[in-house]
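Report on the following structure.
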Amino acid sequence: MKVLVVSGGVISGLGKGITTSSLARLLKARGLSVTVLKIDPYLNVDAGTMNPYQHGEVFVLDDGTEVDLDLGNYERFLGQSLTGSHNLTTGKVYRAVIDKERRGDYLGTTVQIIPHVTGEIKRQIREVAQTSGAEVTLVEVGGTVGDIESMPFLEALRELSYELGEGSMAFVHTTLVPVAGPVGEPKTKPTQHSVRELRAIGIRPSIIVARGPTPISAEIKAKISLFCDVPPEAVISVPDQSTVYEVPLVLEAQGVGELLTRQLQLPARPPDYARWKEFLSTYRENRGSIELAFVGKYTELRDAYLSHIEAFHHVQGTLGTTVQLSWYDSEDLPRDPAALARLRRADAMVVAPGFGARGVDGKLRAIETARTLGIPFLGVCYGFQLAIVEFARNVLGLPQANTTEVDPRTPDPVVCLLEEQKAVAEMGGTMRLGAQRVALVPGSRIASLYGRTEVWERHRHRYEINPAYLDRMAAQGLEVTGRSVDGRVEAFEIPAHPFFLGVQYHPELLSRPETPHPLYTALVRAALARQEVSSPAVPAAARA
Ligand code: GLN
């Protein structure tokens with residue numbers, strides 16, 4: 001069992017998740033099997049009950065666990081699917097310890113943070129490493145070294161490194177090297193302090209990843225080396241990149257692959273980045289560009305929609321088309337005529353997932369704009385449900401049609417609570433979650449985009465389309481083209497529209513750099529086709 005720990009110092013939001021994902025990719029590029037585990041030192045059992053403004057988007061795994069968004073980064077960088085046991089939280093650990101105490105597993109003893117909580121942490125880490133069968137397990141410790149919350153986890157990792165012995169475990173510390181002062185000098189003091197903090201609890205990092213706006217000089221590396229007790233070649237500079245997918249190559253260029261191979265006593269093999277580099281070179285081609293309107297209520301924090309943003313990066317790395325995202329706050333939209341006017345000129349639109357009544361009117365306005373103007377449209381989860389509400393109101397002529405999530409008393413509940421949700425009282429982990437099979441109608445647009453009539457997609461919802469209105473909708477041109485095994489509506493399209501598609505599930509969660517999601521690729525292609533029609537490069541007469 002080999003373990004590589006990534007901790008963070010000075011501030012949060014340094015890109016520790018990207019560093020961890022990139023280190024994992026570095027090892028994978030050498031033909032090693034790897035897996036990643038994230039520690040979130042909060043008391044929530046999982047991320048599912050948190051607002052996206054707390055920690056960004058809630059990511060959902062195949063098994064339905066609602067997890068931290070970093071697991072999305074790991075899945076994307078590795079092209080591997082993970083399970084819920086790869087996200088360890090304080091809540092999960094304490095719950096396990098308390099359950100054991102009640103069962104009598106610790107009978108006769110005083111149950112304490114050390115050794116019981118730390119023991120449970122080690123047990124769960126070992127279990128993930130063993131069941132995954134990976135040669136190397138990466139463990140990212142959320143938060144910042146010095147936080148009270150992360151202490152038991154760091155202590156457990158220290159103990160684990162002692163138990164595993166020399167050459168089986170290494171610690172990478174990611175810190176900030178800010179640039180300050182009149183001449184813009186990089187400052188190493190915060191790094192020195194945070195490494196001292198780590199060493200005070202018995203952990204000695206062997207690699208320091210210095211984050212900052214620009215590369216740091218050999219002189220600064222030497223200074224960090226001296227104060228932090230790591231060789232200068234183990235001080236790695238990762239300045240901000242135009243895309244996060246550059247980071248593995250930035251690390252590789254500074255010899256991190258060889259360093260890790262040596263420190264963890266792994267077989268030395270040359271890395272293979274052929275496919276990765278191809279992606280990056282297509283990404284930069286800038287073969288045309290489209291403006292994509294993204295409508296949601298958490299647009300202030302981009303991390304709230306991270307997987308959507310990444311899905312478009314994946315399309316860009318495949319088609320070479322630059323996708324420019326324009327953000328529209330759905331709450332402001334109805335009272336912002338300038339934004340509405342801009343929206344009408346968008347090349348394509350996504351209406352985002354979400355919950356509750358806030359921002360719904362703006363989403364409905366946006367959907368109507370896309371439907372009536374022929375703007376390529378993808379509605380995801382709430383965006384899909386609200387497209388049904390919009391269609392019921394404006395095409396079927398049912399002005400009070402609504403989802404019961406917004407208006408429980410609507411006379412036309414076109415979207416309503418899933419039957420099995422009616423008895424659900426607890427909020428944590430109780431939605432319809434995770435990978436579910438979807439059967440697509442042969443000959444439909446969506447089936448042709450996937451090139452298949454059966455797909456597995458990830459879900460996270462409590463409400464669904466009410467089948468009572470579907471015949472009337474079909475008569476007006478909106479067709480159901482995807483259903484779950486038990487008959488729920490999973491996808492619809494309007495065949496007469498250039499591209500108008502809604503899905504109950506979350507395609508963004510399965511998009512990866514090397515395999516972008518077909519629906520996102522298709523949306524960008526539809527936007528390009530629309531540009532072609534509205535401003536053909538070659539006049540129509542000349543083409544004929
Ligand atoms: N609020 C809707 C539901 O619970 C949509 C959820 C979502 O967009 N993830 O069904």
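Residue numbers start at 1 and run along the sequence shown. Every number for a ligand or one of its atoms is a count from 1 in the order of the listing.
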**Request:** Please step through side-chain contact (heavy atoms from CB on, under 4.5 Å) for the pair Val503 and Glu490, ending with a clear verdict.
**Result:** CA-CA 6 Å; Val503 285; Glu490 292 275 9; over 6 Å; no
**Fill in**
Within 4.0 Å of some non-hydrogen atom of Cys381, the atoms of ligand 1 are 5 (C), 6 (C), 7 (C), 8 (O), 9 (N)
**Asked** Should Val380 be counted as touching ligand 1, given the test is an N or O pair under 3.5 Å?
**Response** no
**Message:** Between Gln385 and Val415, is there a side-chain heavy-atom distance shorter than 4.5 Å?
**Reply:** yes
**Item:** Among Glu508, Glu75, Glu66, salt bridge (charged side-chain N to carboxylate O under 4.0 Å, His left out) partner for Arg458
**Value:** Glu75
**Request:** For atom 8 (O) of ligand 1, state which one of Ala352, Gly354, Gly379, Gly296 supplies the nearest heavy atom.
**Result:** Gly354
**Request:** Describe, in one word, how the ring planes of Tyr305 and His308 are oriented to each other, choosing from parallel (under 30°), tilted (30 to 60°) and perpendicular (over 60°).
**Result:** perpendicular
**Asked** Do any nitrogen or oxygen atoms of Gln504 come within less than 3.5 Å of a nitrogen or oxygen of ligand 1?
**Response** no
**Prompt:** Should Tyr245 and Tyr283 be marked as a ring pair (Phe, Tyr, Trp, His ring centres under 6.0 Å) after you check the CA-CA gap, both sets of side-chain angles, and the distance that decides it?
**Reply:** CA-CA 10 Å; Tyr245 301 108; Tyr283 184 90; 7.5 Å; no
**Message:** Among all the protein's non-hydrogen atoms, which is closest to atom 4 (O) of ligand 1, and how far away is it?
**Reply:** Arg462 N, 2.9 Å
**Item:** Contacting atoms of ligand 1, where contact means under 4.0 angstrom from a heavy atom of Arg460
**Value:** 6 (C), 7 (C), 9 (N)
**Prompt:** Can you list the ligand 1 atoms lying under 4.0 Å from a non-hydrogen atom of Glu405?
**Reply:** 1 (N), 2 (C), 3 (C)
**Prompt:** Which protein heavy atom lies closest to atom 10 (O) of ligand 1, and at what distance to 0.1 Å?
**Reply:** Tyr463 N, 2.8 Å
**Asked** Between Phe294 and Trp327, what is the ring plane arrangement, given parallel below 30°, perpendicular above 60°, and tilted in between?
**Response** tilted
**Message:** Just so I know, are the side chains of Thr322 and Glu285 near enough to count as touching, which here means a heavy-atom distance under 4.5 Å?
**Reply:** no
**Request:** For His506 and ligand 1, answer yes if some heavy atom of the residue is under 4.0 Å from a ligand atom, otherwise no.
**Result:** yes
